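Okay, so here's the structure we're looking at.
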Amino acid sequence: MMERSFVLWREIFEGGSPIKRLHQLLWIYNGVVVALLAGFYFVTQQKIIEAMAAHAFLETLPIVPLPPEQGLMFSIGAFLMLLVSGRLYHHGGLSQGARYFALVVETAACIVVMRSLSLAYDGLVLLVVADLMHRYDGHNIGSLLVSAMLVLYFLADYNLIVSHGAVAPFDSYAAYYNSSVRGWLMAIKNGFSSVNLVLFALYLAMLIQSKHQEKERIQSLNDQLEKANRQLRLYAIEAERTAETRERNRLAREIHDTLGHTLTGLATGMDACLVLIDAAPQEARKQLSKLCQVARHGLKDVRRSVKKLRPDDLERMPLREAITHVVQEFGETTGMEVKLSIEGWPERLREDVEEVLYRIVQEGLTNAKRHGHARHASVAFRFEQGRLSLVIADDGEGCPDVSPGFGLRHMKERLDLLHGSLRCWSDNGFTLEAIVPVGQIAGAESARGE
């Protein structure tokens, strides 16, 4: 028993915040006061009964009190009900309605305890008020707090209740003792209320200070958050400008190193051809052949330089229409028959995903014609379970030993950035399969087209 008491007091004075410790101290103090007053009534009634003075004592009371044992148990039981309802009221998992019900039960238990003590101690009212203020959230609880205080103090008014003969006054019990003891009893009773009032005032001051500090802390966090948001916006703007500058510089370097070099060589070579065309036609023809090679090489460099730019089709139309357009255009240009099928299509895709899929279709068809000399090809999309798969198959010459070149490596690098995968194999032609995890995007239209 002593060890458990020591643990309880250590939790009060060492655990939790100062406000929480003071709140727990209020509960313990009021519990001790209730136990002492209930014990006083019990002992006094026992003394009166043993002295055979019960009849004379009852004539001084407006009501017949409960037997000593029942009165003691009633007071302790009512305080335990007050304690349980108070703990429930503080429970964070309860709904608003359940909290209001717990508060009503706590208020009722407070009235019962005070009535069981013959209204000799009204400090429990401040304990209930402290509970209300501890969970005060600035909304509906404010009016409820005021109402509860008024009702409790109205019912706890000693003179009002005594005038209607509802309780046995404390003074009647104290009158059983001599004047010296009676004076000490009255002083102790009044001291209980005074100490409780001091503890409540201290609790109220600490609670107000804590609320103010919490408000200042939240304001400080809001200011820091706003400052961080401003910094992030400035950083995003600066990063965008840096990316634009980097891209402009890249294009400038590429144009200078490739197109500029190529055009310079072409201009110089053409000047030479103008001189040689009459005097040495054969030499002029050789020079023109070299210039053609330079032009083709420069065109390849330019194409490689602008590879990172977003395709024009994607700027003008949605991905599905852009793929349909590129498939039709490729078939008409090369004479290869290309079949497009789409089974399921996500409603939204990020721009980087769209560009990767578009480039894979371009590269896959180009390889089918250039390397496989295919006459027929198929492009199939399928969307299910948050994954979009793309399969490009042709009936070309195939490749028994697939050795990834620039095109396939470029596809794989793009897919790796999207956490996708690429497979390719040769079986009566050539087939490549790209899978992109696009997530559970808000629904997919169940469509199928060719």
Side-chain angles (χ1 to χ4, degrees), residues 307 309-400 402 404-405 407-450:
K307 193 78 170 180
L309 297 180
R310 186 170 172 83
D312 182 64
D313 283 348
L314 292 181
E315 295 291 343
R316 296 183 293 105
M317 62 187 72
L319 174 62
R320 183 168 176 173
E321 295 180 13
I323 289 177
T324 302
H325 177 263
V326 74
V327 167
Q328 291 176 350
E329 185 180 54
F330 188 82
E332 293 171 356
T333 302
T334 61
M336 185 171 66
E337 183 180 346
V338 184
K339 180 180 179 182
L340 174 64
S341 65
I342 299 175
E343 184 176 350
W345 192 261
E347 289 185 356
R348 292 187 300 273
L349 286 173
R350 298 199 314 267
E351 288 189 356
D352 54 346
V353 177
E354 290 183 346
E355 185 175 346
V356 169
L357 294 172
Y358 182 86
R359 293 299 190 190
I360 291 176
V361 171
Q362 276 187 323
E363 187 69 21
L365 294 178
T366 301
N367 290 342
K369 186 65 177 177
R370 178 187 302 170
H371 302 296
H373 308 291
R375 299 178 59 187
H376 302 86
S378 64
V379 178
F381 284 91
R382 183 181 180 85
F383 176 69
E384 60 181 359
Q385 297 181 352
R387 299 195 313 169
L388 184 61
S389 64
L390 165 62
V391 178
I392 302 176
D394 62 68
D395 61 353
E397 298 176 358
C399 180
V402 179
L408 290 178
R409 287 200 305 270
H410 191 58
M411 292 184 200
K412 189 175 186 308
E413 290 172 359
R414 286 175 175 268
L415 289 169
D416 287 342
L417 294 176
L418 302 177
H419 304 288
S421 61
L422 177 70
R423 292 194 310 138
C424 55
W425 62 91
S426 180
D427 183 15
N428 296 324
F430 190 81
T431 303
L432 65 85
E433 179 188 44
I435 298 178
V436 181
V438 296
Q440 295 296 334
I441 308 174
E445 56 172 307
S446 296
R448 183 169 183 168
E450 296 183 2

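Everything quoted here is computed from the prediction, not taken from an experiment.
Of all non-hydrogen atoms in G420 and P437, the two that sit nearest each other are CA-CD, 3.8 Å. Closest non-hydrogen pair, K412 versus L422, comes out as N-CD2, 4.0 Å.
Put simply, the side chain of L340 reaches to within 4.5 Å of the side chain of F381, judged on heavy atoms. Side-chain atoms of D352 and L417, non-hydrogen and from C-beta on, never get closer than 4.5 Å to each other.
Note that OG1 of T324 is 9.5 Å distant from CE of M317, once rounded to the nearest 0.5 Å. Interatomic distance, Q362 CD to I323 CD1, rounded to the nearest 0.5 Å: 10.0 Å. From M411, atom CE reaches atom CG of L390 across 9.0 Å, with rounding to the nearest 0.5 Å. A distance of 7.0 Å separates OG in S421 from CD in E433, rounded to the nearest 0.5 Å. L357 CG to L349 CG: the interatomic distance, rounded to the nearest 0.5 Å, is 7.0 Å. The CZ atom of R409 sits 13.0 Å away from the CG atom of D416 when rounded to the nearest 0.5 Å.
Qualifying side chain to side chain contact (heavy atoms under 4.5 Å, CB included) partners for V356, counting only residues two or more places apart in sequence or in other chains: I360, R414, L415, L418. In this structure H325 satisfies the side chain to side chain donor-acceptor pair (under 3.5 Å) test together with D313, sequence neighbours excluded. Applying the salt bridge (charged side-chain N to carboxylate O under 4.0 Å, His left out) criterion to E321, with sequence neighbours excluded, gives no partner residue. D394 is linked by a side chain to side chain contact (heavy atoms under 4.5 Å, CB included) to A368, A374, A377, F430, counting only residues two or more places apart in sequence or in another chain. For E397, there are no side chain to side chain donor-acceptor pair (under 3.5 Å) partners, not counting sequence neighbours.
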Walk me through it: do D395 and N428 pass the test side-chain contact (heavy atoms from CB on, under 4.5 Å)? CA-CA 6 Å; D395 61 353; N428 296 324; over 6 Å; no

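Counting only residues at least two apart or on different chains, no salt bridge (Lys or Arg N to Asp or Glu O under 4.0 Å) pair has a member in residues 367-379.
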